[in-house]
Amino acid sequence: MRKVFVIDARRTAIVTSNGKFKSVRPEVLGARLLSSLRAEPVDEIILGNAVGTGGNIARLTALLADLDLSIPASTVDMQCASGAASIAIAFAKIRAGLADCIIAGGIESASLQPLRIYHVNDPRHEQTSVNGIVGGFYAAQFSPDSISPTAMLEGAERVAQSEKISKHELDEWAIESHRRATRSREILSDAIIPVDGWTIDNGIRDRIDHRLLDRAPLPLGNGTVTSAGNSCRINDGAAIAVLASENFIRRRQLNPIAEILSAASFGGDPQQSPRGAMSTGDFLLQKNNLRWEDLSAIEFNEAFAVIDVMFERAHPSLIDRYNRLGGALAYGHPYGASGAILLLHLIKSLGSTGGLGLMSIAGAGGVGQAILIDRR
């Protein structure tokens with residue numbers, strides 16, 4: 001088993017949908033990142049994407065970046081966990097000796113998410129409608145039990161109700177996420193590559209408070225606690241990491257920024273998908289005979305604040321190591337790219353402490369992906 005290192009990681013700004021990147025295709029965002037890399041012999045490109053136009057969008061991205069035509073590319077769809085899954089696949093390939101250098105990550109444009117239509121012979125054709133278009137849908141079906149377009153929100157609400165989590169607790173974490181992200185702008189600035197000159201994460205609110213969150217809509221109706229303020233926004237963005245073997249970095253005298261030690265996928269109840277971040281992290285640590293207390297930094301994707309509250313309740317003494325730079329409640333969640341964004345933020349978070357770090361992300365359908373790294 002060969003050692004695997006991260007030698008570079010970068011991302012675009014994370015931009016609210018229908019904002020600065022509203023007409024920028026996801027493959028263009030990814031190509032901009034690929035073009036920004038120093039020239040290295042790359043064996044393969046693996047990119048996650050959740051709501052694009054389909055096809056092998058990673059190959060299109062590589063071609064737009066004018067990479068050598070001989071470099072293959074493949075696209076991974078694990079929904080929210082796609083970017084992390086792409087990195088895990090790249091890690092496994094290099095560890096197994098199938099490659100020496102792979103660029104992995106994710107690309108997404110919620111702004112350009114296409115409207116799809118079920119085939120007339122599909123029973124779901126008569127069960128869905130978008131703007132009067134029979135059979136139309138935006139969100140894929142994540143569970144055999146539901147084709148609801150708000151399935152993810154409903155899952156977060158189920159978890160909040162079953163755990164007896166109040167709206168005040170959720171809103172407290174939303175405020176804290178924005179506060180931490182506001183303080184961390186400078187830490188991340190050198191990792192953000194401009195697209196059309198833009199480098200600002202425009203979802204961060206410097207002055208968010210309970211009064212503002214009290215006015216946030218409740219998409220699932222009165223009596224619920226999951227609001228537009230304690231759920232992530234939908235966003236456009238891309239992120240990549242360059243993974244390489246030990247032999248590769250020695251031959252080229254490169255200085256890696258982290259070592260990837262292990263990765264794991266895990267499954268759970270698709271009706272309560274936010275639980276996937278914690279359960280997948282637990283699974284990965286058990287595989288490596290580690291405890292949460294052994295970690296110097298922890299990054300969870302904050303698709304919903306319920307994820308933060310569950311972590312705080314389980315590990316109250318570790319909150320100072322958790323999402324130090326803020327999370328998706330502030331930055332936003334460009335689905336297929338978020339796992340790669342988490343890895344980059346985890347590496348940055350370890351910059352001041354060193355040591356072990358873990359990132360974990362829950363995905364639609366009750367799946368999760370986690371990655372364990374070391375930054376000495």
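- Considering CD1 of Ile175 and CG of Leu170, their distance stands at 11.5 Å, rounded to 0.5 Å.
- A donor-acceptor contact closer than 3.5 angstrom is absent between the side chains of Ser296 and Arg321.
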Steps toward side-chain contact (heavy atoms from CB on, under 4.5 Å) verdict (Arg10, Ile192)
CA-CA 6 Å; Arg10 54 190 65 191; Ile192 300 175; over 6 Å; no
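- The backbone N or O of Val242 sits nowhere less than 3.5 Å from a side-chain atom of Asp8 that would complete a donor-acceptor pair.
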Do Ser17 and Asn235 pass the side chain to side chain donor-acceptor pair (under 3.5 Å) test, and can you show the C-alpha distance, the side-chain angles, and the key distance before you say yes or no?
CA-CA 5 Å; Ser17 64; Asn235 298 78; over 6 Å; no
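- Side-chain N/O atoms of His345 and Arg11 include a donor and acceptor closer than 3.5 Å.
- By the neighbour-count criterion of 12 heavy atoms within 6.0 Å, atom CG of Asn222 is sparsely surrounded, having that number or fewer from other residues, nucleotides or ligands.
- Residues Lys20 and Val195 fail the side-chain proximity criterion, which asks for heavy atoms closer than 4.5 Å.
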Between Glu299 and Lys348, is the side-chain contact (heavy atoms from CB on, under 4.5 Å) condition met? List the steps.
CA-CA 11 Å; Glu299 287 282 332; Lys348 288 289 190 179; over 6 Å; no
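- The side-chain contact (heavy atoms from CB on, under 4.5 Å) test with Leu37 singles out one residue from Ile103, Leu67, Ile7, and that residue is Ile103.
- The closest side-chain donor-acceptor pair between Tyr335 and Asn49, if any, does not fall under 3.5 angstrom.
- Rounding to the nearest 0.5 Å gives a distance of 10.5 Å between OG1 of Thr182 and CZ of Arg207.
- In this structure a side-chain-to-backbone donor-acceptor pair under 3.5 Å is missing from Asp201 to Ala13.
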Residue pair Asp100, Arg2: steps toward the salt bridge (Lys or Arg N to Asp or Glu O under 4.0 Å) verdict
CA-CA 10 Å; Asp100 272 313; Arg2 305 193 305 170; 3.1 Å; yes
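- Side-chain heavy atoms closer than 4.5 Å link hydrophobic residues (I, L, V, M, F, W, Y) into clusters, and following such links, possibly through other members, connects Val4 to Leu342.
- At least one donor-acceptor pair closer than 3.5 Å links the side chain of Ser245 to the backbone N or O of Phe248.
- There is a side-chain donor-acceptor pair under 3.5 Å between Gln79 and Asp77.
- Not one N or O on the side chain of Asp171 forms a donor-acceptor pair closer than 3.5 Å with the backbone of His210.
- Asn230 and Ser227 share a donor-acceptor pair across their side chains, judged by distance under 3.5 Å alone.
- In terms of modelled atom types and a separation under 3.5 Å, the side chain of Arg185 and the main chain of Ala181 share no donor-acceptor contact.
- A side-chain donor from one of Ser148 and Thr150 sits under 3.5 Å from a side-chain acceptor of the other.
- Note that the CG atom of Leu243 and the OG atom of Ser86 stand 11.0 Å from one another [nearest 0.5 Å].
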Apply side-chain contact (heavy atoms from CB on, under 4.5 Å) to the pair Leu325 and Tyr331, showing each step before the final yes or no.
CA-CA 10 Å; Leu325 310 184; Tyr331 296 101; 4.0 Å; yes
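- In this model, no donor atom of one side chain and acceptor atom of the other lie less than 3.5 Å apart for Glu157 and Thr224.
- Two rings, from Trp292 and Tyr322, have their centers 6.0 Å or more apart.
- Summarising the geometry, atom CZ belonging to Phe91 is positioned 4.0 Å from atom CZ belonging to Arg95; distances are rounded to the nearest 0.5 Å.
- Checked by atom type and distance alone, the side chain of Asp308 never pairs as donor or acceptor with a backbone atom of Trp173 at under 3.5 Å.
- The CD1 atom of Ile298 sits 9.5 Å away from the CG atom of Leu346 when rounded to the nearest 0.5 Å.
- In this structure a side-chain-to-backbone donor-acceptor pair under 3.5 Å is present from Lys287 to Ala263.
- Remark: the backbone N or O of Thr16 is paired with a side-chain donor or acceptor of Asn202 at under 3.5 angstrom.
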What verdict does the side chain to side chain donor-acceptor pair (under 3.5 Å) test give for Asp68 and Ser70, after you've listed the backbone C-alpha separation in whole Å, the side-chain angles of each residue and the deciding distance to 0.1 Å?
CA-CA 5 Å; Asp68 192 293; Ser70 67; 2.7 Å; yes
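- One hydrophobic cluster, built from ILVMFWY side chains closer than 4.5 Å, cannot hold both Ile260 and Leu358; they sit in different ones.
- The closest donor-acceptor contact from the side chain of Thr12 to the backbone of Ala238 lies under 3.5 Å.
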Show the numbers, then the answer: is there a side-chain contact (heavy atoms from CB on, under 4.5 Å) between Leu47 and Ile57?
CA-CA 8 Å; Leu47 298 176; Ile57 196 170; 5.9 Å; no
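- Note that the CD atom of Glu163 and the CZ atom of Arg275 stand 4.5 Å from one another [nearest 0.5 Å].
- Other residues, nucleotides and ligands place no more than 12 heavy atoms under 6.0 Å from the CD atom of Glu186.
- Side-chain contact check for Phe304 versus Val309: every heavy-atom pair is 4.5 Å or farther apart.
- In this structure, the side chain of Glu302 engages the main chain of Leu329 through a donor-acceptor pair within 3.5 Å.
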For Gln271 and Ser143, what are the C-alpha separation, side-chain angles and deciding distance, and is it a side chain to side chain donor-acceptor pair (under 3.5 Å)?
CA-CA 7 Å; Gln271 296 292 321; Ser143 165; 3.0 Å; yes
